[in-house]
Structures are given as C-alpha cells and as structure tokens.
Amino acid sequence: MAIQKIKGTKDWYGVELQANRELQQWMRALCELYGYKEVETPEFEKTEVFKREGDSSDVVNKEMYTFMDAGNRSLTLRPEGTAGIMRAIVENKLYAQPDLPLKVFYISSCFRAENPQKGRLRLFHQFGAEALGVKSPVLDAELICLAKTLLDCLEIEDYKIVINSIGDSESRKAYREVLRKHFEPVLGELCEDCKRRYIQNPLRILDCKVDHEHPALVNAPVISQSLNQESTDYFAKLRETLTRAGVEYEIDERLVRGLDYYTDTVFEFLSTNPGIGAQSALGGGGRYDDLLAYFGGPAMSGVGFGMGIERLLIALAEEGKQFEEESSCDLYLMCLDEALLPEALALATQLRNWRIRVQMDFQARSMKSQFKSAERSGAKIIAFYGEEEARTGSLKFKNVDTQEQVTISDPEGWIDQIYSWLQEPEEEEHEHHDAHLH
RNA sequence: GCGGUCGUGGUGAAGUCGGUUAACACACUAGAUUGUGGCUCUAGCACUCGCGGGUUCGAGUCCCGUCGAUCGCCCCA
C-alpha cells in the first residue's frame with residue numbers, strides 16, 4: 001500500500017493553503033497595528049520547558065510527543081506556544097527593555113498526541129500573542145480586543161467571548177477545598193468521571209455534561225466567592241474596560257482552562273456555529289503571574305492567548321465564507337510545433353522578465369487541448385507561436401474575453417498590448433472557481 | 001487512550017439472498033474538426049474494491065486483524 005501520512009496530520013495545498021496564508025497575513029497585519037512583534041522559537045525544546053513540577057493538565061501529562069536524543073536528553077515537540085516563548089524571552093533577555101509591556105506574537109505548529117476529530121489534529125497551527133511586564137486588566141482587555149478584531153476582520157460572526165477570573169493560586173486552592181467539601185456528601189451520586197475529577201481537579205466537575213442537572217452542581221459555590229479582594233477588584237476593572245471598549249462578553253463562572261499556569265483572568269472565544277463540532281473553542285487564554293520566573297526570568301506577570309488556525313478555517317467554512325481561488329496566470333503561450341518548443345521557452349522567459357505570469361505547453365499538443373489548458377489556467381491572454389510566427393518573428397495574441405486578435409512583431413509592442421489587456425478590468429465574471437474550504 | 005459509523009477510479013458514487021464483464025455521472029485523453037477552445041457525437045479511461053489473513057467451488061459483498069477517515073467521550077486551539 002502507498003505510504004500514508006501520519007494520523008492527525010494534514011497536507012496543505014490549493015485553496016485551503018491559500019486561505020491559511022490569508023489568515024496569517026491578517027494576523028501579522030493586526031499584530032503590527034497593535035504593536036506586537038513576531039517571535040519564532042524551535043519546534044522542539046527540552047522537555048522541562050513544557051513539563052513543570054506539579055502540572056496536572058492533560059496537555060502536558062499525556063499528550064506530549066517526548067523522545068530521547070542521542071545524548072539521552074529528553075526533548076519534546078511543543079504542545080503549545082506560550083512556554084517556548086517564555087523560555088526565549090528569558091534566554092535572550094527580551095524583557096530587559098525600557099518600554100513595558102513587552103508584546104510578542106507567534107504563528108507556529110504545535111503537536112499533541114490526541115485522537116483526532118473535527119477541529120483537532122495532532123499537528124496543528126496556533127496563532128498567539130503575549131504581553132509581559134505589566135499587570136493590568138487594561139492590558140488583558142487589549143489582548144481580548146486584538147483577538148476579537150481578528151475574528152471581525154475575518155468576518156467570523158458566530159462567536160461569543162466568555163471570561164472569568166480564577167484568582168491567584170491561593171484563591172484557587174481555597175476554592176478547590178470549598179468544592180471538595182461541597183461535593184463530598186453526594187460523591188456517590190456523581191458519574192465515574194466526576195469521581196475521578198473530584199480527586200484530580202474538582203473545578204472540572206462543574207462543566208460535566210452527565211451530571212449537568214444534579215442539584216449539587218446547580219447549587220455549587222462559585223469561584224467569585226472564593227476570590228480575595230485584589231482579584232475581585234481586578235476582575236471588576238477588566239469587565240469595566242471591556243465594556244468601555246465596546247466588547248460584548250459573557251461571564252462564565254465555570255470557565256477554567258486546561259493549562260495550569262493561569263491566574264486571575266481567563267477567557268475563551270467560542271464558536272456558536274452548530275457546524276463547528278465538539279471542539280468549539282476558537283481560541284483562549286489568560287493571565288499568568290509566575291511563568292516567566294519559572295524560566296529564571298524576573299517575576300513578571302503576563303497575559304496571552306492562542307487561537308487554532310485550523311479551527312478558524314472550519315468556522316469560516318461552516319459560516320459559508322469562501323476563499324476565491326486566485327488566477328495564477330496572465331498569459332498562456334500556445335506552441336504549435338514541437339521543433340519550436342525551445343524558442344517558445346525563450347519567449348516565455350522574455351515575457352516573464354516583464355513580470356507577466358506565463359504558462360506554456362511543453363508538448364505541442366493539439367490546439368484543442370491547449371485551449372483547454374489555457375482556459376483552466378485562467379489566463380486572460382493567449383499567445384500563439386507556430387510556423388507563421390516563427391517565420392515572421394512575431395506573436396499572435398488573443399484576448400480571451402473579447403476574442404480580439406492581433407499579430408505583433410515588435411517585442412515592445414507585445415508588452416504594450418499585454419499590459420493594456422491585463423489592466424482593463426473585466427466586469428463579466430469569467431468562471432471564478434468558487435473555492436470551498438474543504 | 002475509549003466508543004459509534006465508514007473505506008469501491010482523478011471526483012461523486014451504484015453494487016440486491018456472496019455468483020463470475022465493477023453501473024451511472026462529472027472530470028480527463030484522443031478523434032470527428034491536420035492554425036482557433038468552451039456545444040454535439042464517437043472511442044478510451046479500476047488485471048480490481050484501504051491493507052493483511054480467514055470462511056467458501058466462488059468474496060467488493062461474510063468473519064478476524066490492521067491502517068486510515070469521520071463523529072463523540074476525555075481533554076483542548
């Protein structure tokens with residue numbers, strides 16, 4: 001059997017690749033607008049970059065591609081963007097700059113050993129931004145604005161923003177205990193998953209789908225009651241700032257996120273389109289107070305978010321937003337005699353030197369076949385090169401839309417003719433291949 | 001990692017209780033039409049049904065395994 005790609009990976013080509021690139025252009029353009037600079041870090045790092053002491057998240061504990069190199073060092077393919085960025089910031093002392101916050105962004109591939117499904121691949125792409133060195137709810141809000149603006153620019157409409165505060169690590173620890181106490185009496189009535197969550201991470205019981213209606217869940221204490229004054233004020237300020245910025249959001253007291261390093265602010269961008277599948281989070285992020293220090297940097301607080309590029313693509317497709325396949329050819333050169341092929345290539349090269357996108361036939365096939373190829377290429381102009389033209393040192397041009405034909409012997413004249421035809425905007429739609437995203 | 005569904009050409013797919021030549025459509029190639037396409041007509045286009053094994057006189061059809069896709073769980077972007 002033919003060799004197949006690895007499960008959960010994807011080959012990119014055609015319109016989908018084009019759509020992906022277009023997305024990335026928007027990301028870079030917006031980050032420039034917001035003053036975030038691009039950073040690129042290696043695809044793999046020492047395992048301890050991602051795996052930190054006491055980390056309970058699945059992403060880190062069971063979904064990493066970890067292997068030993070020849071020197072018996074444990075290396076890991078990055079499962080998320082933030083950790084590598086933190087390491088790079090510390091290693092290169094990027095934090096040592098007069099103007100804080102330090103604002104960076106990345107577009108990178110990530111690897112997670114999960115079972116694939118819609119919106120979840122083993123090798124996927126994340127766009128993320130991080131801002132370090134200033135702890136302010138206003139900065140949290142800026143990041144949310146950046147992510148929101150991206151979705152708006154892409155014309156994604158079916159989404160909502162949910163936010164929450166999970167407080168500092170002490171508040172969270174306290175809340176965990178409150179929850180354990182709350183659920184202890186009814187533990188026997190909860191599902192198997194919840195019994196496990198009770199031990200591992202009681203916060204997760206809150207968004208259980210099975211026990212959703214259990215009175216103990218409905219009446220569960222909310223985290224806001226466990227927050228200290230500082231965190232409560234911080235969250236209030238964030239809400240105020242978002243409202244002032246015209247950002248609509250919901251508060252979800254049950255929003256807890258999968259990575260362990262978050263403190264205070266957490267947020268998610270959820271697609272509300274029914275076609276998105278079970279993996280409806282387009283992006284998410286939050287504040288982290290202790291991450292930079294973990295890597296040996298100063299005790300700087302940061303905020304960041306990540307967005308799944310593939311998920312954005314799915315959301316766009318599900319909302320019926322299509323990318324049009326661009327024509328990649330201006331002129332199709334028809335060569336009518338096999339003996340003239342070398343000369344035809346010379347002509348094509350000459351035209352290409354004038355920045356005209358030329359495709360040509362390499363087999364001197366029948367005119368009919370060449371016309372078909374020309375049509376498929378999307379070229380607005382066809383140039384004929386056969387015995388007659390070779391004899392007179394000329395080229396015959398045909399305007400595909402108007403059927404107009406002229407024979408021109410002077411190369412300067414060729415260029416003038418081609419440019420004049422190409423610059424005329426053709427109103428009539430000439431078979432624009434509607435490009436679906438999948 | 002676990003569970004459901006699925007796997008036939010370049011594409012969409014038909015294939016009846018296992019029965020011998022794998023339908024149909026689109027696309028593609030060639031010709032009708034030897035320097036002007038998009039219409040029409042004609043012809044061609046799957047030594048083989050994801051892969052491996054088994055049952056059988058006979059398997060695309062049944063069984064087992066495996067790989068992959070898809071949907072969901074867990075979890076996450």
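Model, not experiment: these values are computed from the prediction.
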field: Candidates B:rC71, B:rG37, B:rA77 - which lies nearest the side chain of A:Lys118
entry: B:rC71
query: Which nucleotide, B:rC75, B:rU29, B:rG37, lies nearest any side-chain atom of A:Gln403?
result: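 Closest nucleotide to the A:Gln403 side chain: B:rG37.
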Looking across every strand, which nucleic acid part, if any, lies under 4.0 Å from [X] by heavy atom: base, sugar-phosphate, or nothing?
X	answer
A:Leu121	base
A:Gly277	sugar-phosphate
A:Glu63	sugar-phosphate

query: Is there a donor-acceptor contact under 3.5 Å linking the side chains of A:Ser280 and A:Ser271?
result: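 No, no side-chain donor-acceptor pair sits under 3.5 Å.
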- prompt: Using a distance-only test with no angle check, is there a side-chain donor-acceptor pair under 3.5 angstrom linking A:Asn20 and A:Gln24?
  reply: yes
Test your reading of the model: is there a side-chain donor-acceptor pair from [X] to the backbone of [Y], 3.5 Å cut-off?
X	Y	answer
A:Arg122	A:Pro116	no
A:Asn164	A:Asp252	yes
A:Glu389	A:Gly386	yes
A:Thr47	A:Ser74	yes
A:Glu80	A:Thr82	yes
A:Glu130	A:Val104	no

Interatomic distance at [atom1], [N] relative to [M], whole Å:
N	M	atom1	value
B:rA46	B:rU21	P	15 Å
B:rA25	B:rA43	P	12 Å
B:rA13	B:rA32	C1'	31 Å
B:rA14	B:rC74	P	33 Å
B:rG72	B:rG15	P	27 Å
B:rA22	B:rA59	P	14 Å
B:rG60	B:rC6	C1'	15 Å
B:rU70	B:rG12	P	14 Å

Distance below 4.0 Å between A:Arg120 side-chain N/O and B:rC71 OP1 or OP2: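 For A:Arg120, the contact criterion (side-chain N or O under 4.0 Å from OP1 or OP2 of B:rC71) is not met.
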query: Does B:rG72 have OP1 or OP2 sitting under 4.0 Å from an N or O in the side chain of A:Gln117?
result: yes
- prompt: Is A:Glu388 salt-bridged to A:Arg391, going by a charged N under 4.0 Å from an acidic O?
  reply: no
query: So does A:Lys321 pair up with A:Glu319, basic N to acidic O under 4.0 Å?
result: yes
- request: Return each pair, listed once, that meets salt bridge (Lys or Arg N to Asp or Glu O under 4.0 Å) where at least one residue sits in residues 273-292 of chain A; pairs must be two or more places apart or across chains.
  value: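 For residues 273-292 of chain A: A:Lys135-A:Asp289, A:Asp140-A:Arg287.
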Nearest-nucleotide 5' precedence on RNA chain B, A:Ala113 against A:Ile382: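 Its nearest nucleotide being more 5', the pick is A:Ala113.
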- line: Between A:Phe124 and A:Ala374, the residue closer to the 5' end of RNA chain B by nearest nucleotide is A:Ala374
Base of B:rG37 paired with side chain of A:Glu375 (donor-acceptor, under 3.5 Å): yes
Once you round it to whole Å, what is the distance between [atom2] of [N] and [atom1] of [X]?
X	N	atom1	atom2	result
A:Phe269	B:rA77	CZ	P	13 Å
A:Lys5	B:rG50	NZ	P	17 Å
A:Leu150	B:rA77	CG	C1'	13 Å
A:Lys7	B:rA69	NZ	P	7 Å
A:Asp11	B:rA69	CG	P	11 Å
A:Ile276	B:rC71	CD1	P	11 Å
A:Tyr65	B:rG1	OH	C1'	12 Å
A:Lys10	B:rA69	NZ	P	11 Å

ring-ring contact (aromatic ring centres under 6.0 Å, His included) partners of A:Phe305, counting only residues at least two apart: A:Phe127
task: Quick one: stems involving RNA chain B, counted as three or more successive Watson-Crick or G-U pairs, both distances short of 3.5 Å.
output: B:1-7 with B:67-73, B:10-12 with B:24-26, B:28-32 with B:40-44, B:50-54 with B:62-66
- prompt: How should the glycosidic conformation of B:rC47 be described, syn or anti, under the criterion that syn lies within 90° of 0?
  reply: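 In terms of base orientation relative to the sugar, B:rC47 is syn.
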Between the protein and nucleotides 3-5 of chain B, which nitrogen or oxygen pairs come in under 3.5 angstrom?
none

Enumerate all atom pairs, one protein N or O and one N or O from nucleotides 30-36 of chain B, separated by less than 3.5 Å.
residue : atom : partner  : partner atom : Å
B:rA30  : OP1  : A:Ser369 : OG           : 3.4
B:rA30  : OP2  : A:Ser369 : OG           : 3.1
B:rA32  : N6   : A:Lys368 : NZ           : 3.1
B:rG35  : O6   : A:Glu387 : N            : 3.2
B:rG35  : O6   : A:Glu388 : N            : 2.6
B:rG35  : O6   : A:Glu389 : OE1          : 3.4
B:rG35  : N1   : A:Glu389 : OE1          : 2.8
B:rG35  : N1   : A:Glu389 : OE2          : 3.1
B:rG35  : N2   : A:Glu389 : OE2          : 2.6
B:rU36  : O2   : A:Lys398 : NZ           : 3.0
B:rU36  : O2   : A:Gln405 : OE1          : 3.2
B:rU36  : N3   : A:Gln405 : OE1          : 2.7
B:rU36  : O4   : A:Lys396 : NZ           : 2.9
B:rU36  : O4   : A:Gln405 : NE2          : 3.3

message: So, taking the atom named OG1 in A:Thr407 and the one named CG in A:Leu395, what distance separates them when rounded to the nearest 0.5 Å?
response: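 The CG atom of A:Leu395 is 9.0 Å from OG1 of A:Thr407, to the nearest 0.5 Å.
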Under 3.5 Å, sequence neighbours excluded: what are the donor-acceptor pairs made by side chains of residues 141-150 of chain A?
residue  : atom : partner  : partner atom : Å
A:Glu142 : OE1  : A:Tyr36  : OH           : 2.8
A:Glu142 : OE1  : A:Lys103 : NZ           : 3.0
A:Glu142 : OE2  : A:Lys103 : NZ           : 3.2
A:Lys148 : NZ   : A:Asp152 : OD2          : 2.8
A:Thr149 : OG1  : A:Tyr34  : OH           : 2.8
A:Thr149 : OG1  : A:Cys145 : O            : 2.6

